[in-house]
There are 2 protein chains.
Amino acid sequence: MMNRGGKRMGAGRPKGTNHYGEPTKPVRIPVSKIDRVLRFVREREDGIPLYGNEVPAGFPSPADDYAEGVLDLNAHLVREPTATFFVRARGDSMIGAGIHDGDLLVVDRSLEATNGKVVIVSINGELTVKRLRQAKGRTWLIPENPDYPPIDFQEQDDTHLWGVVTNVVHSL
Amino acid sequence: MMNRGGKRMGAGRPKGTNHYGEPTKPVRIPVSKIDRVLRFVREREDGIPLYGNEVPAGFPSPADDYAEGVLDLNAHLVREPTATFFVRARGDSMIGAGIHDGDLLVVDRSLEATNGKVVIVSINGELTVKRLRQAKGRTWLIPENPDYPPIDFQEQDDTHLWGVVTNVVHSL
DNA sequence: TTTTTGAATAATGTAACAACATTCAAAAGG
DNA sequence: CCTTTTGAATGTTGTTACATTATTCAAAAA
């Protein structure tokens with residue numbers, strides 16, 4: 001093997017040619033979460049596009065500028081992670097509010113349960129979802145289905161108001 | 001300062017007393033995502049609990065065992081990230097399928113649009129959501145609202161079937 | 001007995017390193 | 001003069017190493 005020459009100006013791998021197009025730094029991650037972190041970091045640089053009602057040029061090509069940007073469902077649906085939980089809805093008593101049997105309800109305990117909000121309450125160990133209605137110093141739980149009667153509600157030992165439903169996830 | 005003694009058996013910080021209760025490893029993360037990764041790793045060790053229809057003891061305390069475990073909305077609603085996009089629904093023509101004006105639709109392009117599926121199509125540059133119905137060699141787009149007429153559908157230059165709606169996110 | 005204090009040991013953020021990837025242009029070959 | 005070969009140059013990347021910090025213990029001091 002013979003020498004193949006000396007200095008080469010401008011040689012070498014150019015900056016910014018890494019997988020992400022930006023610098024990286026080592027961050028310490030608990031081992032059980034490394035998989036999910038790597039999936040988040042590597043597989044979806046673009047997130048999932050969100051479109052409005054017009055068909056954008058090249059729709060739905062992830063390389064485009066998105067009509068309404070990009071969406072992280074966890075962040076979009078959960079404002080207060082520590083105060084949030086999910087409940088699966090049963091029955092059709094709230095069909096008028098768009099809540100169907102089997103739907104997933106996102107419940108925020110940090111929101112105030114004011115008049116007209118859809119809330120999760122427990123009555124005798126059963127969870128139920130109804131609309132809260134306060135009038136004339138009394139509180140009612142109103143189903144959104146004429147087949148069901150309103151419930152006279154007052155917090156006691158066996159009843160408790162757990163939180164406000166912010167979102168309904170319905171599977172088709 | 002005087003010497004305060006020699007060997008101490010069992011002294012020192014005990015193992016497993018870190019923030020996570022498990023070992024950590026450095027992972028290289030693109031700088032723009034470090035914030036979100038740290039938030040994910042640090043702020044929510046428990047995830048968000050998912051409950052069924054009975055009230056578990058101590059509900060809803062994150063320390064409990066959850067009736068149905070823990071849920072990551074992105075993973076739960078998005079099976080094929082690269083083939084998925086979101087569309088915001090307009091109008092009430094699919095009210096019977098639980099799709100309301102302003103709802104967020106999760107659309108999977110990798111699923112086959114078979115008879116009976118709810119699909120996203122573009123017609124003359126407008127996106128619309130309807131139920132696909134194939135019969136007698138023809139294809140129809142059926143609204144789920146008696147106020148709207150079925151549409152005779154065939155893919156042409158100005159029409160295209162974009163994907164199958166898998167989930168509907170409805171905000172209250 | 002209680003308090004003070006430094007030794008012992010784990011956790012943590014980051015620098016450093018070795019292995020790898022990428023690009024360039026000089027040298028070789030035609 | 002053009003094409004191919006080849007090693008230098010330089011960035012990237014996963015992991016190790018390390019200095020600093022945090023935590024606990026028990027001997028020494030009070």
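Below, each value reflects all heavy atoms present in this structure, side chains not excepted, and no hydrogens, waters or symmetry copies. Each chain gets a letter, A, B and so on, in the order its sequence line appears, and its residues count up from 1.
The salt bridge (charged side-chain N to carboxylate O under 4.0 Å, His left out) search around B:Arg131 returns B:Glu144, not counting sequence neighbours. A search for salt bridge (charged side-chain N to carboxylate O under 4.0 Å, His left out) contacts involving A:Asp152 returns A:Arg138, not counting sequence neighbours.
The interatomic distance linking B:Leu38 (CG) with C:dT14 (P) rounds to 10 Å, in whole Å. Put simply, CD1 on A:Ile29 is 15 Å from C1' on C:dA11, counting in whole angstrom units. Rounding to whole angstrom units, NZ of residue B:Lys25 and P of C:dA11 are separated by 15 Å.
In this structure the side chain of A:Val169 never reaches within 4.5 angstrom of the side chain of A:Leu105, judged on heavy atoms. Side chains of A:Val129 and A:Val118 form a contact here, defined as non-hydrogen atoms less than 4.5 Å apart.
With a 4.5 Å cut-off between side-chain heavy atoms of Ile, Leu, Val, Met, Phe, Trp and Tyr, the cluster of A:Trp140 takes in A:Ile142.
Positionally, the nearest nucleotide of DNA chain C for B:Lys15 lies more toward the 5' end than for the other of B:Lys15 and A:Val27.
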Under 3.5 Å donor-acceptor pairs involving side-chain atoms of residues 93-104 of chain B, not counting sequence neighbours:
{"unit_1": "B:Ser93", "atom_1": "OG", "unit_2": "B:Lys130", "atom_2": "NZ", "d": "3.1"}
{"unit_1": "B:His100", "atom_1": "ND1", "unit_2": "B:Gly98", "atom_2": "O", "d": "3.4"}
{"unit_1": "B:His100", "atom_1": "ND1", "unit_2": "B:Asp103", "atom_2": "OD2", "d": "3.4"}
{"unit_1": "B:Asp101", "atom_1": "OD1", "unit_2": "B:Gly91", "atom_2": "N", "d": "2.7"}
{"unit_1": "B:Asp103", "atom_1": "OD1", "unit_2": "B:His170", "atom_2": "ND1", "d": "2.6"}
{"unit_1": "B:Asp103", "atom_1": "OD2", "unit_2": "B:His100", "atom_2": "N", "d": "2.8"}

Query raised in the report: What's the verdict on side chain to side chain donor-acceptor pair (under 3.5 Å) for A:Asn167 and B:Ser171, showing C-alpha distance, side-chain angles and the deciding distance?
Result: CA-CA 4 Å; A:Asn167 293 96; B:Ser171 292; 2.7 Å; yes
All N/O contacts under 3.5 Å from nucleotides 16-19 of chain C to the protein, with atom names and distances to one decimal?
{"unit_1": "C:dA16", "atom_1": "N6", "unit_2": "B:Arg28", "atom_2": "NH2", "d": "3.4"}

Tabulate protein N/O versus nucleotide N/O from nucleotides 20-23 of chain D, keeping only pairs under 3.5 Å, one per line.
{"unit_1": "D:dT23", "atom_1": "O2", "unit_2": "B:Arg13", "atom_2": "N", "d": "3.4"}

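Closest approach of A:Gly116 to A:Arg133, counting heavy atoms only: CA-NH1, 3.9 Å.
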